[in-house]
Student: 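Structure incoming, see below.
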Amino acid sequence: MSPRRRMAVGAAAALALLLAWRALEDPVARRVRSVTAFATRELAVRRLGGSSAAFDRRYFIFLESVRRKLPPRTAGVVIATPAPGDPALYLAAYTLAPVPVALSPARVPREWLLAVYGVGRPPGWNVISEFPGGALLAPAPS
Amino acid sequence: MTFWAAAAAVGAILIAVFLAGLAPAGALLRSRSPGRAERAGWSLLLGAALLALQTALGLLFGFAPGWIPFLIVAVLAALVSLAGRQRTRDPEPPGTSGDTAGRRWRWIWTAAVVAGIALYSLRALTEPMWSNDFLAIWGLKGKVMYLARTFPSRLLPDSLYGFSHPEYPLGLPLCFAGLASLLGRWDDHALALLFPALQIATLCVLFGWLRRREVSSAVAATAAALLAWFEPLYSGFLTGLAEVPLAAALLLFGTAYSDSLEGETRARSRLAAASLLAGLLKNEGIFLAAAGGVAAALRRRWTIAAAALIPAIAAAAVGRLASHGAPLRDFDSVFFGPRARELPARVGETLRAALAEPGLWGWAALGCLVLLFLAGRRMPFADRLLVLTGVCFAVYLVVPVFAVRGPSWLVQTTLARTSAALAPLVAAGLAGRFRSL
């Protein structure tokens, strides 16, 4: 075997070992168990058990409840949460899409609804629906 | 619907998408044995492009995307392809009839490739697509287009949705929306099957192109097996993001570019198609098209430069129209003017962050790639791919200098994954250097 060929075989073998080490570091058995355990459950339950909701699973239950209670042709939803942040914003925007979402803005746009995560109910708003983790509210008629 | 039923349905849809791409791929590549795998890879990617096209047409002209528009688009594409195929009857490209020594090992390489695909499928399908960038950008736009039947820029106010990067190309979200329109529902778990399918297509193109370029089946299969196990690209995190489809498009572009410079007539059509795909997927695709176009122009290969550049520029222009001219949000041109004095410090910060990025594993893997490069021989058809990769990587290193949130932030959040999308090009370039070994 020529030196070039030896070097090529050695480097390819080392690279294969590095790639295998990295790929098998992943918890394969846990993934298989997770897929088989969740496969027959509804899609929202699979997301609830997944990584995107891991930062606050109760928050995802709240968002999913908001989604199911939204009246047709809702202009937008403001989410009031005690812990606003990028993960909370992205999960809300995606879960409620295509309805536009804003997270705790200074002012609620006209005709938008308010979804409160937690127990507080701001004055000037009527509760449309209460569910685990919060409530959906509409502006009270002035 | 259970995950298994939805995944089976998406699998069947992906077979239909593959079949829709067969005729266009046949017009771009001969079906001769060594290139058959390459043609299969092209078929899936072109089929996915047709799927995205029917979705875009539906949104533009107000009809519901679905099976009938998809079939119409596929039949029209097939008719155009058949007409094009009859016009260009170029001589058979070179190819290898097969090496007996390599065949003995074929089952081992095949098993390694299949294992790599199975592991990635498991990573991709463990749970609904979950990365922040899927939720905030790619999946969000696909879901909006499927459920609201409109372009995201028409519905989501820019003032609130800057995080969704309205300026990014819409190719992948259109593909998601197209798949959902054929499935009849938005199922972000089953739709993830698209990504292992794209991995398979990439591996097919890599193997087929190397075989067509007379690289031994052992070397071609080794390259495919190593790429199949490349977790930095084929990861659960990148499932749902544009890197996996972009990696496939970059490989199509690089191989077609090299073939064009070798004088193959149909390669220019492939180059134009790949340039369009790359430009529709991610801004990095436009960088590669620009690199190829400029390199061809420097050699005065004007038609190749045009085929490389014009479709990607057209894709970028369409993207600008669809996003109503949204600016690039991560970058600021102020560093060319009033804050130019900060540039040297920012270059230093970028380089420091980039050097810290690979870690021990990354440096060891890069060391192996350097040894493989040194062990191979100079092969212009393969070296071109490595030059394109080098140019793209250099651009990825320069771009963070202008990042609004600082060079370190952009390097840490994007450099590894955008570079990982260059892996198929590197695999093709390095393996090609072993043609005569």
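Just so it is clear, the values below take in all heavy atoms, side chains as well, and ignore hydrogens, waters and symmetry mates.
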Student: Quick check: closest heavy atoms across L18(A) and C368(B), and the distance to 0.1 Å?
Tutor: CD1-SG, 4.0 Å
Student: Tell me the closest heavy-atom pair linking T126(B) and V35(A), and the distance in Å.
Tutor: CA-CG2, 3.5 Å
Student: Less than 6.0 Å separating the ring centroids of F3(B) and F38(A)?
Tutor: no
Student: With no hydrogens and no angle check, is any side-chain donor or acceptor of Y161(B) less than 3.5 Å from a backbone partner on V101(A)?
Tutor: yes
Student: Between A39(A), A11(A), A20(A), which shows the greatest number of heavy-atom pairs under 4.5 Å with chain B?
Tutor: A39(A)
Student: With a 4.5 angstrom heavy-atom cut-off, could you sort out which part of A13(A) is near chain B: side chain, backbone, both or neither?
Tutor: neither
Student: Looking at every heavy atom in both L155(B) and P98(A), which two are closest together, and how far apart are they?
Tutor: CD2-O, 3.0 Å
Student: Where on L160(B) is there a heavy atom nearer than 4.5 Å to chain A: the side chain, the backbone, both, or neither?
Tutor: side chain
Student: Just by distance, do the side chain of E127(B) and the backbone of G49(A) share a donor-acceptor pair under 3.5 Å?
Tutor: no
Student: Just by modelled atom types, is the T2(B) backbone N or O under 3.5 Å from a matching donor or acceptor in the R41(A) side chain?
Tutor: no
Student: To the nearest 0.5 Å, what is the distance between CG on L140(B) and CG on L91(A)?
Tutor: 11.5 Å
Student: Quick check on L103(A) against chain B: is it the side chain, the backbone, both or neither that has a heavy atom closer than 4.5 Å?
Tutor: neither
Student: To check you understand the geometry: which heavy-atom pair defines the closest contact between L372(B) and A8(A), and what is its length?
Tutor: CD2-O, 3.5 Å
Student: What are the two closest non-hydrogen atoms of R377(B) and R4(A), and how far apart are they?
Tutor: NH1-NE, 3.5 Å
Student: Where the side chain of K143(B) meets the backbone of T95(A), is there a donor-acceptor pair that is under 3.5 Å apart?
Tutor: yes
Student: Tell me the closest heavy-atom pair linking A23(A) and L119(B), and the distance in Å.
Tutor: CB-CD1, 4.4 Å
Student: Give the member of M7(A), R6(A), R22(A) that has the highest number of heavy-atom pairs under 4.5 Å with chain B.
Tutor: R22(A)
